[in-house]
Amino acid sequence: MSTRRGAIALAVIVSAISAGAFWSQRSKRTPAAVEPAEDASDDLRDEVRRLRSQVARLEGASAWQAAVAGQKTEETPKTGDNPAVVPKEHMPDELEYETQLEQKFQAEAHDPRWSREANGEATRALTTDLPKGSRLGAVDCRSRLCRVETSHETLQAFQTFVQAALLNPDKKLWNGPFSAQVLTQSASGVTAVTFIARQGESIPATEAIPD
Amino acid sequence: MKRTLGYVAVAALLGMTAALGTAAARSIPAFSGRAGTGADDTCFTINPDIGSIGTNTNPGCTGRFIRYLIGLHADSNGSKSIQVEYNSNNTASQCRSVGISRTGTNFTSSGFVQTLILGHPVTMVLNGATQVSQGIIYVDCQLFNPVSLIQVDWNN
């Protein structure tokens, strides 16, 4: 029994190594390029289609994980003479994340064509969906991100603004990722800043912060 | 030749699966979600063969968008890359990812991504939701019959 298990395990490992070698040798050629023979049965065609779908999904996941691994490697430099010592770090809390977005936004240049158009569109859309008692402050669009300041009478009013102007599928604003963050809360009200990505662009991801 | 093609594909899948095995990732079947409103629960049917959940043609369930929500759990804060596997016969359906902090002071979201008609299961990527301060993340879909959701994968 154990011999049989060992043989199965060995077969799986050999398959995995073969697959690695196979993919490294033909990285430019995708599974979608492999067509079943013209005389292939419908079952075989369906099987190939199913396998293509699975491979495409796994490729996507693999690429993403490689990107994440690369990012982590860059963010965790080795310390001193001992390469085994890696400095501790943490993922940002919401205000630290807002700071990261602020820095990324400030580093952006204005896109002469998009900035002006987006400024106008964001101002119109957000004003329309702004709850009573809330106010729209500065709106600044650069090349990939818009930064929008708002003030609200209460935290609930801020949440209503997010629901109506940003999350509602029928909102007036374009379909883009966003991050909305309360900056201050006091008896006089709530101030918030929202970063909205240009359609087709992404909101910058969180980056680990050294402790 | 046919047999070789099959062996190569299976070997490739095994190899890639082995490579992904050590990654911190989570996955749940789509039927673990719920309709956005209780009245729409009858608009969904589970396919036990593949664990998917799809819209059906019950009275009142066609010709309009039906909301479907899938809550996700992540052990760590940070931006999440979320993948939804689906099979659709229309391009009207759409999904997005949303993150909300525990205190309700931070909201993040991807944009809506519309479904494609490919005749076989396909994956959409929803980057944008960020978990901060031990908050929550979820997938929010507006579905237009016929469409089925199969599985959700995300980084932990």
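Not measured: the values here are computed from a predicted model. Letters go in sequence order (proteins before strands), and every chain restarts at 1.
- Interface remark: of the candidates B/Ser109, B/Gly128, B/Ser133, B/Ser109 forms the most heavy-atom pairs closer than 4.5 Å to chain A.
- When each of B/Asn77, B/Asn106, B/Thr103 is checked for heavy-atom pairs under 4.5 Å with chain A, B/Asn106 comes out on top.
- Between the side chain of B/Ser79 and the backbone N or O of A/Thr206 there is at least one donor-acceptor pair closer than 3.5 Å.
- The CD atom of A/Glu94 sits 11.5 Å away from the CD atom of B/Gln131 when rounded to the nearest 0.5 Å.
- Interface remark: B/Val125 contributes no atoms to any contact with chain A (heavy atom separation under 4.5 Å).
- Note: A/Asn175 leads A/Ile203, A/Asn175, A/Leu166 in heavy-atom pairs under 4.5 Å with chain B.
- Using a distance-only test at 3.5 Å, with no hydrogens or angles considered, a donor-acceptor pair links the side chain of B/Arg96 to the main chain of A/Leu167.
- The most heavy-atom pairs under 4.5 Å with chain A, out of B/Thr130, B/Val113, B/Leu126, come from B/Thr130.
- For A/Pro169, the parts lying near chain B are the backbone and the side chain together; criterion is any non-hydrogen pair under 4.5 Å.
- The neighbour count for B/Arg64 CZ, taken as heavy atoms of other residues, nucleotides or ligands under 6.0 Å away, is above 12.
- Only the side chain of A/Tyr97 comes within contact range of chain B, judged by heavy atoms closer than 4.5 Å.
- Proximity of B/Phe107 to A/Phe161: side-chain heavy atoms (C-beta onward) are nowhere separated by under 4.5 Å.
- Of all the listed residues (A/His90, A/Met91, A/Gln185), the one sharing the greatest number of non-hydrogen pairs under 4.5 Å with chain B is A/Met91.
- Within a 6.0 Å sphere centred on CZ of B/Arg26, other residues, nucleotides and ligands contribute more than 12 heavy atoms.
- Between the side chain of A/Gln159 and the backbone N or O of B/Gly104 there is at least one donor-acceptor pair closer than 3.5 Å.
- Each of A/Ser202, A/Pro204, A/Ser179 has some count of heavy-atom pairs under 4.5 Å with chain B, and the biggest count is that of A/Ser179.
- The choice from A/Val190, A/Val162, A/Asp93, A/Leu95 that makes the most heavy-atom pairs within less than 4.5 Å of chain B is A/Val162.
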